[in-house]
Participant: 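Below is one structure. I have some questions about it.
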There are 2 protein chains.
Amino acid sequence: MLQKIIPALEWLRNYNREDLKGDLTAGLIVAIMLVPQGMAYAMLAGLPPVVGLYASTLPLIVYVLFGSSRQLAVGPVAMMSLLVFAGVSPLAPPGSEKYVSLVLLLSLMVGVFQFCLGLFRTGFIVNFLSHAVISGFTSAAAILILLSQLHHLFGIPSSGGHSAMTVLKGVIQGMGGFHPATLGIGLASIMILVIFKRKRPNFPAPIIVVAASTLVVYFFGLDQSGVKIVGHVPKGLPSFSIPEWSVESLEVLFPAALTILFIGFMESISIAEWVAAREKYKIDSNRELVGLGLANVTASFFSAYPVTGGFSRTAVNYQAGAKTGLASLITAAVILLTLLLFTSFFYHLPHAVLAAIVAVAVAGLIDVKGARHLLNLRKMDGWTTILTFVATLVLGSEKGIMIGVVFSLFVFIWRSSHPHTAELGYLEGEDVFRNVRRFPEAKLYPEALILRVDASLYFANMAFLEDFLRGRIVEKPDVKWIIMELSGVNDIDAVAVDRLSDIMDNYREQGIQFVFAGMKGPVRDLVSKAGWREKYGKQCEYLSLQHALKGLGLM
Amino acid sequence: MLQKIIPALEWLRNYNREDLKGDLTAGLIVAIMLVPQGMAYAMLAGLPPVVGLYASTLPLIVYVLFGSSRQLAVGPVAMMSLLVFAGVSPLAPPGSEKYVSLVLLLSLMVGVFQFCLGLFRTGFIVNFLSHAVISGFTSAAAILILLSQLHHLFGIPSSGGHSAMTVLKGVIQGMGGFHPATLGIGLASIMILVIFKRKRPNFPAPIIVVAASTLVVYFFGLDQSGVKIVGHVPKGLPSFSIPEWSVESLEVLFPAALTILFIGFMESISIAEWVAAREKYKIDSNRELVGLGLANVTASFFSAYPVTGGFSRTAVNYQAGAKTGLASLITAAVILLTLLLFTSFFYHLPHAVLAAIVAVAVAGLIDVKGARHLLNLRKMDGWTTILTFVATLVLGSEKGIMIGVVFSLFVFIWRSSHPHTAELGYLEGEDVFRNVRRFPEAKLYPEALILRVDASLYFANMAFLEDFLRGRIVEKPDVKWIIMELSGVNDIDAVAVDRLSDIMDNYREQGIQFVFAGMKGPVRDLVSKAGWREKYGKQCEYLSLQHALKGLGLM
């Protein structure tokens with residue numbers, strides 16, 4: 001029973017000592033990655049760096065207890081940080097007390113929503129986020145993140161804009177007044193990080209850059225000559241507080257909470273499933289929502305900000321040998337220790353280095369190849385990616401992703417409302433019926449119009465079918481029978497049944513009868529419920545076209 | 001060439017004198033219906049009654065010239081009038097100068113949008129209005145209209161609310177102070193109208209009620225004792241003016257314009273197609289949009305309000321013998337004559353009678369049977385109707401119809417994202433493959449999992465397919481082959497191809513190969529574009545399951 005609520009009990013009770021080495025190594029390596037990343041991402045989210053460390057402690061422990069992945073490395077991630085910044089910075093100046101308090105409320109909302117979605121087993125809704133949308137959104141978000149870090153790298157004041165254009169304009173205007181030492185530190189950090197990323201991708205290079213730059217700034221007193229540094233990082237554990245809320249702030253944060261929820265969950269579930277497939281265990285998406293939800297509620301109670309399972313850290317965790325959630329517990333313990341003992345080490349850490357860490361982490365997310373691949377495969381799916389990309393850059397993350405989702409669903413609906421429809425003829429040699437356009441030699445029957453619809457029939461494509469019928473009938477004045485091959489009709493809705501019934505009645509008045517062949521189960525169920533057997537006679541349904549033509553005496 | 005722009009030239013040039021009698025009779029009867037209806041609907045729209053007469057003149061002539069139906073009776077209709085009232089009355093007091101000017105602008109917007117939609121041949125979008133949505137919306141709108149007329153019938157002041165509840169509350173609160181003579185006239189009119197409707201549905205009873213009540217009020221001086229009357233109706237033709245506009249008013253009227261456009265077009269096109277099917281000519285939905293669009297632009301320039309093809313008047317027009325657009329020209333001429341000569345006759349016409357005409361006209365639109373029918377046939381389609389109905393009553397027409405459209409599309413997407421999937425076994429006697437759940441005697445192959453998906457594959461249902469696969473594979477540990485029967489897969493998108501490719505690669509690592517049977521053309525095109533032939537070999541595609549099993553040496 002208890003194990004059903006806390007799935008971690010399974011591996012905790014039966015912990016295999018052989019796993020310890022892997023868990024320990026992986027936990028330590030992830031912690032070493034997470035210290036600089038946590039601070040960098042918190043800065044990206046418009047929060048004091050220490051908040052990123054807070055977000056790397058208790059939420060990890062809570063996720064380990066309630067989540068279903070054993071290798072997922074939960075914590076602050078770049079995309080979520082950008083979304084927090086985009087959602088809250090129009091409401092309060094970043095870094096201000098009100099800003100922090102809104103972020104805590106946002107975490108609570110994200111957590112509660114995720115928890116409820118998981119509890120009511122509605123995790124499937126993430127399926128409606130097409131990969132084409134995610135790809136466009138991720139590329140645009142990466143560019144927005146890169147742009148947002150430029151002022152830290154150049155050592156110029158932030159222009160505070162939100163869309164890609166305003167931020168870029170601000171940077172270009174201020175670029176002349178760049179701070180040489182800051183830019184130098186930033187570029188050097190980027191170079192080191194890029195080299196390590198290429199040569200030794202699993203080495204925690206950020207900690208090297210952090211240590212080296214801190215020492216340089218400390219010994220040369222660069223902070224005195226204008227290099228912006230992290231400054232005082234409060235010592236000790238995050239304090240407990242319940243976020244303040246009002247109806248108004250719930251309302252304004254709502255769209256941001258929804259976006260963060262979905263994007264965060266998508267990132268997390270994709271990497272969790274990737275690992276689980278390799279380790280042959282099953283991820284339960286609803287349990288994942290519960291785990292991440294509780295982690296975010298914890299984040300909001302302990303001065304942190306929204307977390308999720310990070311793509312790159314999880315990959316590192318897994319490759320470094322993590323077997324169970326113990327790895328994440330070790331990570332959290334190391335971060336807690338850092339908060340208790342080592343925060344003063346970060347006093348001289350330059351902002352430019354944190355910006356460099358963010359920039360290098362997200363640069364790889366810009367996915368031009370993916371968009372090109374989709375465009376080659378099917379134009380409309382490529383356009384979904386491009387539209388989401390442009391909309392996210394121009395209108396911001398929330399509207400961008402919404403436009404992408406709506407467009408991708410629209411593409412599907414659009415295709416379904418214009419189904420592939422063909423008039424069929426008979427190929428005597430092979431005893432099959434084929435599209436007369438592709439097989440002009442196929443035999444036609446002047447008294448019968450044989451046609452096939454390749455789509456589920458529903459309200460939005462009946463007019464199309466009707467037009468098609470009308471067009472064909474005009475060209476075949478002697479038709480007495482319309483024979484519809486329905487094996488491609490997987491489903492039908494009540495409106496389509498009624499409409500088809502009207503069409504049949506209309507043609508009947510003109511002396512044309514309908515006959516159906518190859519009806520599938522769900523369709524047969526519905527038309528018999530609609531009383532077709534009584535109305536049109538059972539003989540209007542045939543197993544196959546051959547049966548139908550024989551039944552009508554045409555073959 | 002000219003005939004392509006003005007399709008009416010076709011019948012005008014070749015006018016058959018035999019059609020004259022029918023056209024003349026029908027034109028006159030419709031005019032006699034239209035005079036009281038026009039005034040009643042204008043009042044329902046919150047406009048002076050004469051506006052309803054203006055709307056029954058030039059717009060009709062313009063539609064006849066540019067539209068494609070020969071029997072459609074264009075003019076003011078109840079539903080559009082309600083929508084005009086709902087859209088404009090929150091912005092200005094009904095009847096005020098500002099109100100009238102906003103209505104003119106609204107007509108212009110509706111007209112221009114319709115015209116453009118027609119010009120760019122996008123008339124198909126009405127297909128996305130499911131009959132299930134229209135049915136729920138119509139019933140709710142009829143109730144809203146009935147409620148809006150109650151204060152006229154009781155002779156009490158209007159409470160001015162918009163939702164069904166507030167209007168009903170206002171009427172109940174004011175009901176005590178009802179005006180006996182007004183109520184008497186109203187109820188008597190309703191009785192007479194209902195009796196005629198039942199016994200002689202094509203008789204223009206409203207004109208009788210109008211004449212009788214006007215005479216009664218005039219002779220007994222009932223207007224002196226408090227019966228509200230139409231009063232002065234200006235004589236003469238509508239004057240030309242260009243509607244005033246501002247960006248702000250365009251913005252606030254936008255949702256109302258969209259709703260009116262679609263609802264108006266739906267009502268019009270359904271009845272036009274009904275007649276055209278009986279008369280064996282073709283309605284061109286884009287041409288209809290152009291015709292109605294120009295009619296509405298004309299309405300806005302000549303002091304009228306949005307018009308469309310009315311359901312009941314068109315039926316009467318057709319049944320009274322209308323063969324060509326000449327009938328509508330005669331209707332317009334009679335109304336023009338009325339405006340020039342007879343407006344003073346309507347001075348003593350009581351409001352209660354106009355309310356009675358509206359009430360009787362719309363009462364028949366409440367369609368409980370339709371909702372029950374859909375509910376019986378397929379639950380979800382019935383719920384679409386009920387949801388649209390409730391949303392329209394509670395939230396108003398625009399939101400109601402929008403919620404209905406979104407929900408109906410959601411139902412379709414929902415079904416497509418949970419496709420019917422079956423594991424198949426072989427029935428040796430009949431040489432066919434069938435669902436093992438329905439045919440437990442079907443032969444299974446321990447080394448092969450045979451399954452069929454009955455849906456187009458796209459981003460939203462791939463996770464479902466993946467889960468299904470995972471579940472089946474767990475139960476069949478010896479599986480070496482997954483054989484997918486794809487004859488029900490009408491279409492596939494690029495995201496699904498990529499995902500399927502990932503799934504195949506994942507299973508391949510576990511020593512399980514994929515094989516496909518019965519791939520349709522569009523699917524084959526896409527997977528070959530994605531390089532499956534090179535990657536997985538051509539042997540992974542078989543014509544049928546029999547071919548596949550033989551090819552794998554299992555049969």
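No hydrogens, no waters, no symmetry mates; every other heavy atom, side chains included, goes into these values. Note on naming: letters A, B, ... go to the chains in the order of the sequence lines (proteins, then strands), and numbering restarts at 1 for each one.
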Participant: To the nearest 0.5 Å, what is the distance between CZ (A:F124) and CZ (B:F464)?
Facilitator: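 Answer for the CZ-CZ pair, A:F124 versus B:F464, is 12.0 Å.
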Participant: Can you say whether B:V497 sits under 4.5 Å from chain A via the side chain, the backbone, both, or neither, judging by heavy atoms?
Facilitator: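 Side chain of B:V497 only, per the 4.5 Å heavy-atom cut-off to chain A.
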Participant: If I measure from the heavy atoms of chain A, does B:F128 come under 4.5 Å with its side chain, its backbone, both, or neither?
Facilitator: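 Its backbone and side chain both get close to chain A.
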Participant: Pull every donor-acceptor pair under 3.5 angstrom between chain B and chain A and give the atom names with distances.
Facilitator:
residue: B:H373; atom: NE2; partner: A:D498; partner atom: OD1; Å: 2.8
residue: B:H373; atom: NE2; partner: A:D498; partner atom: OD2; Å: 3.0
residue: B:R378; atom: NH1; partner: A:I492; partner atom: O; Å: 3.3
residue: B:D381; atom: OD2; partner: A:A494; partner atom: N; Å: 2.7
residue: B:R415; atom: NE; partner: A:D491; partner atom: OD2; Å: 2.8
residue: B:R415; atom: NH2; partner: A:D491; partner atom: OD1; Å: 2.8
residue: B:R415; atom: NH2; partner: A:D491; partner atom: OD2; Å: 3.0
residue: B:D454; atom: OD1; partner: A:K520; partner atom: NZ; Å: 3.2
residue: B:G488; atom: O; partner: A:N490; partner atom: ND2; Å: 2.8
residue: B:N490; atom: ND2; partner: A:G488; partner atom: O; Å: 2.8
residue: B:D491; atom: OD1; partner: A:R415; partner atom: NH2; Å: 2.8
residue: B:D491; atom: OD2; partner: A:R415; partner atom: NE; Å: 2.9
residue: B:D491; atom: OD2; partner: A:R415; partner atom: NH2; Å: 3.0
residue: B:I492; atom: O; partner: A:R378; partner atom: NH1; Å: 3.3
residue: B:A494; atom: N; partner: A:D381; partner atom: OD2; Å: 2.8
residue: B:D498; atom: OD1; partner: A:H373; partner atom: NE2; Å: 2.8
residue: B:D498; atom: OD2; partner: A:H373; partner atom: NE2; Å: 3.0
residue: B:K520; atom: NZ; partner: A:D454; partner atom: OD1; Å: 3.2

Participant: Around atom CE of A:M504, are there more than 12 heavy atoms from other residues, nucleotides or ligands closer than 6.0 Å?
Facilitator: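 Yes, enclosed.
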Participant: For the candidates B:V133, B:L129, B:L374, B:I413, which exhibits the highest count of non-hydrogen atom pairs separated by less than 4.5 Å from chain A?
Facilitator: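 Of the options given, most contacts go to B:I413.
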Participant: Do you know which of A:A463, A:P522, A:A494, A:G382 has the most heavy-atom pairs with chain B at a distance under 4.5 angstrom?
Facilitator: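 When all of A:A463, A:P522, A:A494, A:G382 are compared, A:A494 has the most.
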Participant: Identify, with sequence neighbours excluded, every residue that meets side-chain contact (heavy atoms from CB on, under 4.5 Å) alongside A:L387.
Facilitator: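 side-chain contact (heavy atoms from CB on, under 4.5 Å) check on A:L387 returns A:I403, A:F407.
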Participant: Non-hydrogen atoms of chain A under 4.5 Å away: do they reach the side chain of B:I492, the backbone, both or neither?
Facilitator: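 Backbone only.
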Participant: Based on non-hydrogen pairs under 4.5 Å, which of B:A460, B:A455, B:A132, B:P419 is most in contact with chain A?
Facilitator: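 The option with the most such pairs is B:A460.
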